[in-house]
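One structure below.
Everything numeric here is computed off the predicted structure, so don't read it as measured data. Along the sequence shown, residues carry numbers from 1. Computed from heavy atoms alone, side chains included, the values below leave out hydrogens, waters and symmetry copies.
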Amino acid sequence: MSATTDRPPLRIVPFRAPTARLALKTVSTPRGPLDGAWWPRSRDLADELSALADVLDPLFGRITRVAVNPTYWPVIPSRVPVNGHGVRIGWFTTELDPHKILLMSHTTGSWNLLVVPPETSAPAAARLMAAASDSSGPPTTASDASGLPMTASALMAAELALHAGSLADGDQDSEEAWEDGDDASSYRATAARPGRLITAK
């Protein structure tokens, strides 16, 4: 005689490594205009957001809302299913830097990440991610000539100024102008310092 149970048999689910290429400031670092950097593999926000949430949900708590600038995202859905819940997507053309994504969580507040364009070369992406996640010293370490912390577009402009042609498509839509060497040297020094890197190929 065989016994029956109402439980389904156990399944073996293969381990899936995180697919988001991400660099974050350490927890003890004071907050600045950027909390790190994200290097998506494509401009498909619905697909990329799922991989990003796989990594960030355990660290920051469940991501509930995301805000982007539509300049570099061709399609922006209003809601994306991520890890069994829906994430609302908003977009802002003037209020949000085109090279930044804003992530919101009920448990930890908001996080601002530099979005490194998917077509960026690996060396340029590494420099940008290191600069955005700089965790050595105060949040003004990566600063412009005025001493203010660098914005996402300012970091992108500094990368273009220092390494002309290092971005695969020559993304030159930034309105930031670099007229002297102070900005570039601040970026160069910051990009050399490591942050907390979470990445998978």
Would you find a donor on one side and an acceptor on the other, under 3.5 Å apart, between the side chain of [X] and the backbone of [Y]?
X: His85; Y: Ile63; answer: yes
X: Arg62; Y: Asp57; answer: no
X: Arg65; Y: Leu103; answer: no
X: Asp35; Y: Asn112; answer: yes
X: Trp39; Y: Met129; answer: no

Distance from [X] atom [atom1] to [Y] atom [atom2], nearest 0.5 Å?
X: Ile101; Y: Leu96; atom1: CD1; atom2: CG; result: 8.5 Å
X: Thr151; Y: His99; atom1: OG1; atom2: NE2; result: 9.0 Å
X: Ser110; Y: Met104; atom1: OG; atom2: CE; result: 7.0 Å
X: Leu59; Y: Thr108; atom1: CG; atom2: OG1; result: 9.5 Å
X: Phe92; Y: Thr71; atom1: CZ; atom2: OG1; result: 13.5 Å

Any side-chain heavy-atom pair from [X] and [Y] closer than 4.5 angstrom?
X: Trp73; Y: Val115; value: yes
X: Phe60; Y: Leu24; value: yes
X: Glu48; Y: Arg43; value: no
X: Leu22; Y: Leu113; value: yes
X: Lys100; Y: Leu34; value: yes
X: Leu52; Y: Val82; value: no
X: Trp38; Y: Val116; value: no

| query | Please walk me through it: do Leu128 and Met156 pass side chain to side chain contact (heavy atoms under 4.5 Å, CB included)? | reply | CA-CA 7 Å; Leu128 287 163; Met156 295 299 292; 3.7 Å; yes
Looking only at non-hydrogen atoms, find the nearest pair between [X] and [Y] and report the distance.
X: Ala20; Y: Val55; result: CB-CG2, 3.9 Å
X: Ala124; Y: Thr120; result: CB-CG2, 3.6 Å
X: Val80; Y: Ala46; result: CG1-O, 3.7 Å
X: Pro98; Y: Ser153; result: CD-OG, 3.9 Å

| said: Assess the residue pair Asn69 and Thr94 against the criterion (side chain to side chain contact (heavy atoms under 4.5 Å, CB included)); give the C-alpha distance rounded to whole Å, side-chain angles, the decisive distance to 0.1 Å, and a yes or no. | reply: CA-CA 8 Å; Asn69 184 308; Thr94 57; over 6 Å; no
| query | Is there a donor in the side chain of Ser42 and an acceptor in the side chain of Asp44, or the other way round, less than 3.5 Å apart? | reply |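 No, Asp44 and Ser42 have no side-chain donor paired with an acceptor closer than 3.5 Å.
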| Any side-chain donor-acceptor pair under 3.5 Å between Ser105 and Thr107? |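 Looking only at side-chain atoms, Thr107 and Ser105 do form a donor-acceptor pair, the distance falling under 3.5 Å.
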| message | Please determine whether side chain to side chain contact (heavy atoms under 4.5 Å, CB included) holds for the pair Ile89 and Ser78, giving the CA-CA distance in whole Å, both sets of side-chain angles, and the decisive distance to 0.1 Å. | response | CA-CA 5 Å; Ile89 313 292; Ser78 61; 5.9 Å; no
| task | Determine, stepwise, if the pair Leu102 / Val66 fulfils side chain to side chain contact (heavy atoms under 4.5 Å, CB included). | result | CA-CA 6 Å; Leu102 172 64; Val66 172; over 6 Å; no
